[in-house]
Number of protein chains: 2
Amino acid sequence: MSESVGSTNHLTRNQLLVMGELSKVDGPLSAYEILDQLRDHGVRSPPQVYRALDKLVEFGLVHKLESLNAFVACRHPGGEPHEKTAFMICENCGQVFEITDDSLTKRVAALARDTQFSLTKSTIELRGICRGCQAA
Amino acid sequence: MSESVGSTNHLTRNQLLVMGELSKVDGPLSAYEILDQLRDHGVRSPPQVYRALDKLVEFGLVHKLESLNAFVACRHPGGEPHEKTAFMICENCGQVFEITDDSLTKRVAALARDTQFSLTKSTIELRGICRGCQAA
DNA sequence: ATCCCATACGTTATAGCATAACACAATTCA
DNA sequence: TGAATTGTGTTATGCTATAACGTATGGGAT
């Protein structure tokens with residue numbers, strides 16, 4: 001059993017702990033918020049958290065929100081690569097909505113192709129007020 | 001002469017200094033890089049730079065690159081609002097290409113509309129290798 | 001002119017985000 | 001078994017950003 005590239009299986013202890021924290025909340029958490037939650041469980045220093053986060057992002061289980069310097073658990077069931085996610089971030093309630101819009105993805109890809117830009121990663125983060133918060 | 005909302009005119013001294021630094025380089029600069037450049041001109045502390053940057057961003061003269069924690073001068077001639085810019089960032093040479101693609105903009109707007117998300121600002125940053133760097 | 005107000009300034013201190021570098025442990029696999 | 005790789009824990013440090021304070025400045029309105 002060689003369990004190749006980027007599998008979601010057998011996360012290490014720290015990775016599991018970090019993933020657990022991100023999974024049990026609805027919104028994003030900063031690395032230091034995660035650290036604070038995990039002090040009881042033996043996690044004591046930033047590098048421990050950042051290392052776990054790096055791997056989880058690499059595995060596609062977690063996304064980094066650049067405009068927030070924070071991290072969210074990926075809400076996609078499967079473990080597909082899908083590095084083409086966009087986010088809507090509510091500036092009122094803090095909720096993050098993960099979206100994969102095919103035509104948006106395609107438009108971005110086309111844009112890159114047209115300019116002969118070899119795309120590695122796309123960061124798309126939309127800020128605003130979500131439906132629920134507008135009602136309220 | 002009332003010089004209303006968000007005009008690009010009569011920037012303050014610090015704003016001009018910061019704008020000057022951003023204008024004379026081709027790529028993005030961090031706030032602290034700007035600060036270092038301006039020490040000779042009497043700028044001594046981070047808040048001075050950050051305050052200037054905040055205003056310049058507000059005026060639409062400068063963009064913040066969230067995925068880089070850095071700032072670039074806007075390359076659009078006019079002073080239109082155009083908060084719908086996207087960026088391609090070359091991970092090899094560091095150059096930043098500012099693009100305004102109407103159909104991308106529209107797609108984002110449609111996405112927001114469909115989910116009844118009231119859009120305030122969109123951050124679109126594409127990472128990869130630019131045409132020039134691929135050739136080399 | 002004078003007062004008011006809004007905006008900008010300068011400074012100190014501190015908060016918040018992230019990584020370098022080192023030594024050691026565990027795991028894999030030849 | 002031993003080499004290579006990956007993960008761990010720790011200390012220290014660097015980079016990014018803002019809070020909070022007091023002062024200055026410049027444009028109305030009266």
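By convention in this document, chain letters (A, B, ...) are assigned in the order of the sequence lines, proteins followed by strands, and residues within each chain are numbered from 1.
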Report each atom pair, protein N/O against N/O of nucleotides 22-24 of chain D, whose distance is under 3.5 angstrom.
none

Can you pull out every salt bridge (Lys or Arg N to Asp or Glu O under 4.0 Å) where at least one residue sits in [range]? Sequence neighbours excluded, please.
range: residues 43-55 of chain B; result: B:Lys55-B:Glu58
range: residues 125-136 of chain B; result: B:Glu91-B:Arg127
range: residues 103-112 of chain B; result: A:Asp101-B:Arg107, B:Asp102-B:Lys106
range: residues 27-43 of chain B; result: B:Asp36-B:Arg39

Heavy-atom pair of closest approach, residues [X] and [Y]:
X: A:Ala52; Y: A:Asn14; value: CB-O, 3.9 Å
X: A:Cys130; Y: A:Cys90; value: N-SG, 3.4 Å
X: B:Glu66; Y: A:Ser67; value: OE1-CA, 3.6 Å
X: B:Ile129; Y: B:Gln134; value: O-OE1, 3.1 Å
X: A:Arg75; Y: A:Val25; value: NH2-O, 2.9 Å
X: B:Leu65; Y: B:Val96; value: CD1-CG2, 3.7 Å

Query raised in the report: With B:Glu21, which residues qualify under side chain to side chain donor-acceptor pair (under 3.5 Å), at least two apart?
Result: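 For B:Glu21 the side chain to side chain donor-acceptor pair (under 3.5 Å) partners, ignoring immediate neighbours, are B:Lys24.
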How many whole angstroms separate atom [atom1] of [X] from atom [atom2] of [N]?
X: B:Glu66; N: C:dC17; atom1: CD; atom2: P; value: 13 Å
X: B:Asn14; N: C:dA8; atom1: CG; atom2: C1'; value: 8 Å
X: B:Leu17; N: C:dA8; atom1: CG; atom2: P; value: 15 Å
X: A:Leu56; N: D:dT6; atom1: CG; atom2: P; value: 17 Å
X: B:Leu16; N: C:dA8; atom1: CG; atom2: P; value: 13 Å
X: A:Leu35; N: C:dA15; atom1: CG; atom2: P; value: 16 Å
X: B:Leu65; N: D:dA17; atom1: CG; atom2: P; value: 11 Å
X: A:Leu29; N: C:dC17; atom1: CG; atom2: C1'; value: 15 Å

Query raised in the report: What residues in residues 37-45 of chain B put a non-hydrogen atom under 4.0 Å from any atom of DNA chain C?
Result: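 Close to the strand are B:Arg44, B:Ser45.
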**Report entry** Closest to the B:Phe71 side chain, choosing from C:dA18, D:dA17, C:dT11
**Finding:**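 The closest nucleotide is D:dA17.
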Below 3.5 Å is the cut-off: list the nitrogen or oxygen pairs between protein and nucleotides 14-16 of chain D, distance only.
none

Report task. Rounded to the nearest 0.5 Å, what's the gap from CG on B:Leu119 to CG on B:Leu111? Could you check? Result ->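 The CG atom of B:Leu119 sits 9.5 Å away from the CG atom of B:Leu111.
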Query raised in the report: If you round to the nearest 0.5 Å, how far is CG of A:Leu35 from OG of A:Ser45?
Result: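 The distance works out to 7.5 Å.
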Requested in this report: Would you please name every residue forming a side-chain contact (heavy atoms from CB on, under 4.5 Å) with A:Leu16, sequence neighbours left out?
Outcome: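 Per chain and number, A:Leu16 pairs via side-chain contact (heavy atoms from CB on, under 4.5 Å) with A:Leu11.
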Query raised in the report: Hey, is the side chain of B:Gln48 poking within less than 4.0 Å of OP1 or OP2 on C:dG10, counting only N and O atoms?
Result: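 For B:Gln48, the contact criterion (side-chain N or O under 4.0 Å from OP1 or OP2 of C:dG10) is met.
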Requested in this report: With sequence neighbours excluded, tell me which residues meet salt bridge (Lys or Arg N to Asp or Glu O under 4.0 Å) with B:Asp26.
Outcome: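 None.
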Requested in this report: Note down the inter-axis angle between the two ends of the helix from C:dA1-D:dT30 to C:dA30-D:dT1, five pairs each, to the nearest 10°.
Outcome: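 Axis-to-axis angle, ends of the helix: 30°.
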Query raised in the report: Aromatic ring centroids of B:Phe71 and B:His63 under 6.0 Å?
Result: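 No; B:His63 has its ring centre 6.0 Å or more from that of B:Phe71.
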**Report entry** B/S/- contact track for nucleotides 22-27 of chain C, protein heavy atom under 4.0 Å
**Finding:** ------
Query raised in the report: For DNA chain C, whose closest nucleotide is more 5', that of B:Thr12 or that of B:Pro46?
Result: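 Between the two, 5'-proximity favours B:Thr12.
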